[in-house]
Amino acid sequence: MHGHVSTGASALIATASLALAASRYLYERFAKDGGGDMGTGMLKQAAQLADSARQSELAAWELSAREGLAKRKQASLEQGVPWLAHMETGVKQGRKTNAERQARSDATIIVEGGQEVYLPDV
């Protein structure tokens, strides 16, 4: 990652690092004394902690990526580059949204000189 991450993403990374450290500790402890009182339950707990760490890292990555897109979109709107903001929305130019289609279907159509004009019902 480049730059800064939010508090939420930082918290997820911190949680992931603690879970991974605890997982490695349990694996080492099992290797030394065979799990002691816990036996193979220690291995299960270590695996669950490692999986939790992986999930937290993935969540932090996704959160950072989404926040980065939102920041770029906001910056492009504020700096007068509106076409960049529209490119990131995923809606192709010229396409109608569902709300626009619904409004269009509720409209009265008047044909003037071969051109359709849509007037919404009031």
Discussion item. Tell me the closest heavy-atom pair linking A22 and L49, and the distance in Å.
Written reply: CB-CD1, 3.8 Å

Worksheet entry | Shortest non-hydrogen contact from A14 toward S17 | O-OG, 2.7 Å

Side-chain atoms of residues 24-46: list all donor-acceptor pairs with protein atoms under 3.5 Å, sequence neighbours left out, distances to 0.1 Å.
residue : atom : partner : partner atom : Å
D33     : OD1  : G35     : N            : 3.1

Worksheet item: How long is the gap from CG on L18 to OG on S56, to the nearest 0.5 Å?
Response: 10.0 Å

Discussion item. To the nearest 0.5 Å, what is the distance between CD on E57 and CD on E62?
Written reply: 14.5 Å

Worksheet item: Is there a donor-acceptor pair closer than 3.5 Å between any side-chain N or O of T15 and the backbone N or O of A11?
Response: yes

Discussion item. For A19, is there any backbone N or O sitting under 3.5 Å from a side-chain donor or acceptor partner on S23?
Written reply: no

Worksheet item: What residues form a salt bridge (charged side-chain N to carboxylate O under 4.0 Å, His left out) with E67, not counting sequence neighbours?
Response: none

Worksheet entry | Residues clustered with L12, ILVMFWY side-chain links under 4.5 angstrom | L63

